[in-house]
Amino acid sequence: MTARHSPYPKPHDTANTDEIWAILCEVATENGDPAPANRALADAVFGNSPFLATTARRRPATAIRVLTEGPDACLAAVFSALDADRSEGENTTSLMATLRQAKADVALITAFADVSGEWALSKVTAALSDFASKALDLAVSHLLEIRMRAGELGWPRGEPEPVSPRLSQGTGFFVLGMGKLGAGELNYSSDVDLILFYDPEAISYTGRKTLSDCYVRLARDLIEMMEKRTGDGYVFRTDLRLRPDPAANPLAMTVGAAEVYYHSMAVNWERSAMIKAATVAGDRQAGADFLASLSSWIWRRTIDFAALADIAAIKNQINRHYGQQELAFEGYNVKLGQGGIREVEFYTQVHQLLFAGRHPSLILRGTLEALDALVAEELVDPDIRDTLGNAYIFLRTLEHRIQMVNDDQTHEIPTEANDIARLATFCGFEKPSDLKDALFRHTRAVKAIYDAFLPQSADDEDARTKPEAIEATLIELGYSDVPSVAAIIDGWRRGRYRALKNDRSKSLMKKLLPRLVDAFAATDAPSAALTRFDQFIAQLPAGVQLFSLLDANPSLFKLLARVMGLAPALAETLAKKPSLWDAVLDPDFFMPVEEEDELAAILKSMLRRAKDYQDVLDIARRFVADYRFRIGVHGLEGIAGVEECAHALARVADVTLKALVPAVSEEFARRHGHFPGGSLAILAMGKYGGGALTQTSDLDIVFLYDVPDMNAQSDGDRPLMPSQYFSRLCQNIITAITALTPEGRLFEVDTRLRPSGNQGPIVVTLKTFSDYYTEAAWTWEHMALTRARVVIASDAFGKAIKSTIHKVLTAPRDGIALKAAVADMRRRLAKEFGTENPYAVKHVRGGLVDIEFIGQYLMLREGARHTGVFIPELMAAFDRLADCGALDAADAATLKDAYVLQHHLQSIFRLCLGKSPADDAEISAGLRDILTTALGISCFDDLKATLARTQAAVYALYQSMLGDDRNDTENDQRNAT
């Protein structure tokens with residue numbers, strides 16, 4: 001941070017430097033050691049810090065060694081001594097002296113490393129934090145050992161052992177380091193924020209009182225070992241006030257009581273504090289398990305803008321307390337002042353609270369590391385990271401210089417001229433004004449970033465939406481049935497719904513109301529959109545989160561209005577899971593959906609946080625829900641075409657099954673074991689096989705299995721024969737996919753396309769599969785097989801399955817019988833599902849079923865001669881059929897255009913309405929715009945005309961290839977006669 005060319009600061013007190021240097025040289029001579037080197041560095045340290053000069057007088061050997069051997073070797077020696085087993089019978093007084101002497105040594109070592117610039121700030125703070133952890137660890141083990149030897153506590157491994165950090169492992173007692181200690185960012189003269197916990201089930205207690213009394217006394221002894229000032233000084237000032245409800249709870253708490261508190265009563269600042277929590281002493285595994293139990297509370301997937309407001313309020317309270325509305329140099333608090341360290345930390349922590357639940361890479365304790373991660377996730381601009389990071393390094397280094405002077409726990413610029421001059425010199429500046437300029441350059445930049453991020457306080461209610469003016473405003477904005485809409489808004493004011501019961505949600509709604517009515521007014525049917533939003537609110541369990549999110553992100557109002565006005569089905573999904581709105585704030589939300597490898601990596605990262613099997617199911621559901629919503633918005637907004645959305649949905653399904661099936665299999669294997677060499681495969685069929693999923697599509701799947709020995713049993717505690725084993729496993733997989741949990745349902749599953757349909761077993765061997773399709777399958781089942789795609793299988797099994805399917809499909813066929821069978825199946829479907837509604841594009845004549853039947857018929861007819869025509873994607877199949885001459889190129893183009901048109905209509909209808917509209921009246925003007933834009937057609941009338949022509953052309957092709965329905969009907973009548 002120096003502005004000078006000298007490598008070290010100038011000494012402020014040269015008389016002090018001469019005295020200390022003389023002492024060091026004299027001690028070195030007496031010990032027969034080489035004279036100390038680097039007088040300039042010694043002068044920079046001892047000439048600016050009376051505390052370090054005094055410490056060097058007490059510990060000259062350490063000062064000499066740092067100057068001659070460097071800080072790394074010296075710190076390693078201190079840490080090695082603390083890690084070693086302690087001698088048997090060491091008393092508390094002796095250990096306290098050892099820890100204090102080690103603290104003095106670390107103070108000298110880190111000061112030299114810091115002032116010389118040999119260590120970066122992160123290494124300095126890590127060294128201080130690591131020493132604190134080792135000192136606490138040793139003290140905890142010592143105090144536990146006293147109680148073990150007294151017979152109060154059992155030995156964790158059954159027999160006595162020496163005092164060392166290992167002794168405390170398995171005891172269930174641990175110390176959380178909070179704040180800078182937990183993050184490894186301890187400052188030079190910091191106190192340590194600690195919380196002490198224990199698991200009463202982890203160790204036996206045979207004392208005269210209770211385990212709680214034992215650990216509370218241990219906590220008091222630990223505080224004394226750290227804080228008590230002796231002739232050797234002290235180790236650390238300690239603060240235990242961050243524990244749950246400190247006025248009501250003891251110094252050491254059970255983990256069970258703490259978990260209940262955090263999950264039910266803790267407030268947002270406590271969540272923020274837990275970001276940096278780390279186990280710094282005691283039983284590391286117990287600490288890790290405890291923090292894992294709090295993970296879902298700390299790192300919520302629901303973006304919590306209410307937390308932002310709470311934490312901002314804390315910072316504003318600090319600002320009021322210190323009265324620093326304008327930056328002042330003398331007495332400026334580099335930690336708590338505006339633009340100071342705390343604002344950098346708050347900015348970073350709030351972003352972590354908001355986004356880490358969805359971006360696990362942000363689950364970090366260090367401030368600078370977290371800022372880098374935020375940039376990597378594109379949640380913070382690199383320029384902001386650089387500004388905040390540089391300021392943080394400058395301010396933390398300045399904080400260290402302030403504290404090094406007299407080892408005072410202060411963060412303030414001095415107010416006396418001589419003290420300011422000393423500090424400026426110690427920081428390497430020529431004069432105090434240079435330090436002041438540098439400080440203000442950083443703090444003003446931080447303040448500007450922080451103030452821009454803070455939520456603003458609510459303004460007074462907009463006059464347009466006050467009760468006495470609301471009806472006039474609604475009339476002006478074009479709402480219909482104004483009295484009914486005004487009554488809905490009045491219900492919001494009065495807290496009609498559960499989401500609006502508390503004062504905070506009412507206040508937020510009042511603030512949002514002008515923007516809401518304006519946004520809905522921009523839709524085709526404002527009253528309908530607002531009424532749908534009312535139905536949405538009515539289903540919310542709470543409103544603060546959503547209303548805070550909207551308040552903090554005004555850009556969401558337009559999207560909210562379009563969803564409520566144009567996509568009732570999507571609105572219904574959001575009503576059930578309002579947290580899906582959070583995804584819109586991700587920088588990648590409007591980017592193309594990732595390819596399969598990247599999607600798999602994202603889900604894998606999410607699943608690493610799963611605590612158990614149920615957690616795996618819930619995480620998978622959140623993953624699918626997020627992407628289904630994202631893909632739905634892409635379709636609604638025209639960001640991606642229907643085919644792109646369909647393929648994206650299929651990729652999401654593939655990735656989810658590939659992650660979920662192994663988890664289900666392992667859970668199943670806990671009871672029934674495995675089949676060594678066995679393999680399970682899943683085939684995608686229908687729209688899923690062809691990568692043409694819509695928002696409401698089921699997953700058509702078929703299960704196959706393979707084992708080396710059909711007479712073998714699985715190797716688990718409850719062994720099963722192969723057919724039983726894989727049948728039950730597949731039922732478990734279906735349940736895992738379809739079960740309704742608090743996070744919703746993944747997909748509906750349809751297995752009716754398996755051999756023998758509902759009458760057949762849920763899973764079969766490849767031989768059974770092959771025999772069935774070779775000897776017993778109906779033509780329509782062969783047609784369905786043209787869209788089969790292997791989703792999950794081992795390489796060898798998958799290759800065998802593909803070979804079997806190819807063999808079945810390319811077998812020679814009787815063309816006349818094939819044509820008759822295909823036409824018969826189409827006629828049956830027409831009788832059951834036939835419709836004259838052109839918007840029911842699946843079953844209407846000339847619709848999607850006719851297109852699919854033409855393609856499948858031609859593939860089966862030509863497969864023996866042209867084996868390359870088979871591909872699950874129908875559009876590509878038409879191209880292959882045209883390439884081999886089985887289909888006229890113009891007819892192929894007609895079928896492809898018809899498929900694109902009607903698949904678009906089907907997908908958009910299902911997205912927006914959840915079904916096909918019965919007539920024109922059910923297609924709003926806004927939906928008509930979506931349809932025409934997506935299809936590149938100028939107006940809705942032209943779209944209707946194009947649809948009619950297209951369906952007529954497809955039906956004509958169908959008749960020319962597969963016969964006249966009237967003849968089929970006559971044949972039926974003759975056969976009946």
Would you check, one step at a time, whether the test side chain to side chain contact (heavy atoms under 4.5 Å, CB included) holds for Leu785 with Met685? CA-CA 7 Å; Leu785 199 61; Met685 307 287 283; 4.2 Å; yes
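- Here the CD atom belonging to Gln695 is positioned 6.5 Å from the CZ atom belonging to Arg628, to the nearest 0.5 angstrom.
- Checked for salt-bridge contact, Asp795 and Lys799 miss the test: no charged N lies under 4.0 Å from a carboxylate O.
- Classified by interplanar angle (parallel below 30°, tilted 30° to 60°, perpendicular above 60°), the ring pair His634/Phe590 is parallel.
- Here the straight-line distance linking atom CZ of Arg718 with atom CD of Gln724 works out to 11.5 Å at 0.5 Å rounding.
- Ion pairing of Arg651 with Glu598 is absent here, as no side-chain N (NZ or NE/NH1/NH2) approaches a carboxylate O to less than 4.0 Å.
- Between Arg787 and Glu873 there is no salt bridge, since none of the side-chain N atoms of the basic residue sits less than 4.0 Å from a carboxylate O of the acidic one.
- With rounding to the nearest 0.5 Å, the separation of CD in Gln614 from CD in Glu667 is 10.0 Å.
- By the 30° and 60° cut-offs, the orientation of the rings of Tyr958 relative to Tyr955 is parallel.
- Screening Thr779, Leu858, Ile854 against Val822 for a side-chain contact (heavy atoms from CB on, under 4.5 Å) leaves a single residue, Thr779.
- A perpendicular orientation is assigned to the rings of Tyr725 and Phe675, their planes being inclined by more than 60° (bins at 30° and 60°).
- A donor and an acceptor atom, one from each side chain of Asp618 and Thr741, are located under 3.5 Å apart.
- If you take CD1 on Ile937 and OG1 on Thr946, they are separated by 4.5 Å, rounding to the nearest 0.5 Å.
- Across all non-hydrogen atoms, the minimal contact from Tyr839 to Pro917 is CB-O, 3.7 Å.
- A search for salt bridge (Lys or Arg N to Asp or Glu O under 4.0 Å) contacts involving Asp750 returns Arg752, not counting sequence neighbours.
- Looking only at atom types and distance, the side chain of Tyr688 has no donor-acceptor partner in the side chain of Asp698 under 3.5 Å away.
- A distance of 11.0 Å separates CE in Met783 from OH in Tyr857, rounded to the nearest 0.5 Å.
- Applying the 6.0 Å contact sphere to CG of Asp597 captures no more than 12 heavy atoms from other residues, nucleotides or ligands.
- We find the CG-CG distance between Asp626 and Leu603 to be 11.0 Å, quoted to the nearest 0.5 Å.
- Looking only at atom types and distance, the side chain of Gln713 has no donor-acceptor partner in the side chain of His672 under 3.5 Å away.
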Applying side chain to side chain contact (heavy atoms under 4.5 Å, CB included) to Phe870 and Thr810, what does each step give before you reach the verdict? CA-CA 9 Å; Phe870 294 103; Thr810 57; 3.7 Å; yes
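- A donor and an acceptor atom, one from each side chain of Thr751 and Arg754, are located under 3.5 Å apart.
- At least one donor-acceptor pair closer than 3.5 Å links the side chain of His904 to the backbone N or O of Val900.
- Side-chain contact annotation: Tyr627 with Glu594, donor-acceptor N/O pair under 3.5 Å present.
- Checked by atom type, the side-chain pair Arg813/His782 shows a donor-acceptor distance below 3.5 Å.
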Could you give me the CA-CA distance, side-chain angles and deciding distance for Glu596 and Lys658, then say whether salt bridge (Lys or Arg N to Asp or Glu O under 4.0 Å) is met? CA-CA 11 Å; Glu596 184 170 334; Lys658 288 176 182 178; 2.5 Å; yes
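- The shortest heavy-atom contact between His843 and Thr835 is C-CG2, 4.2 Å.
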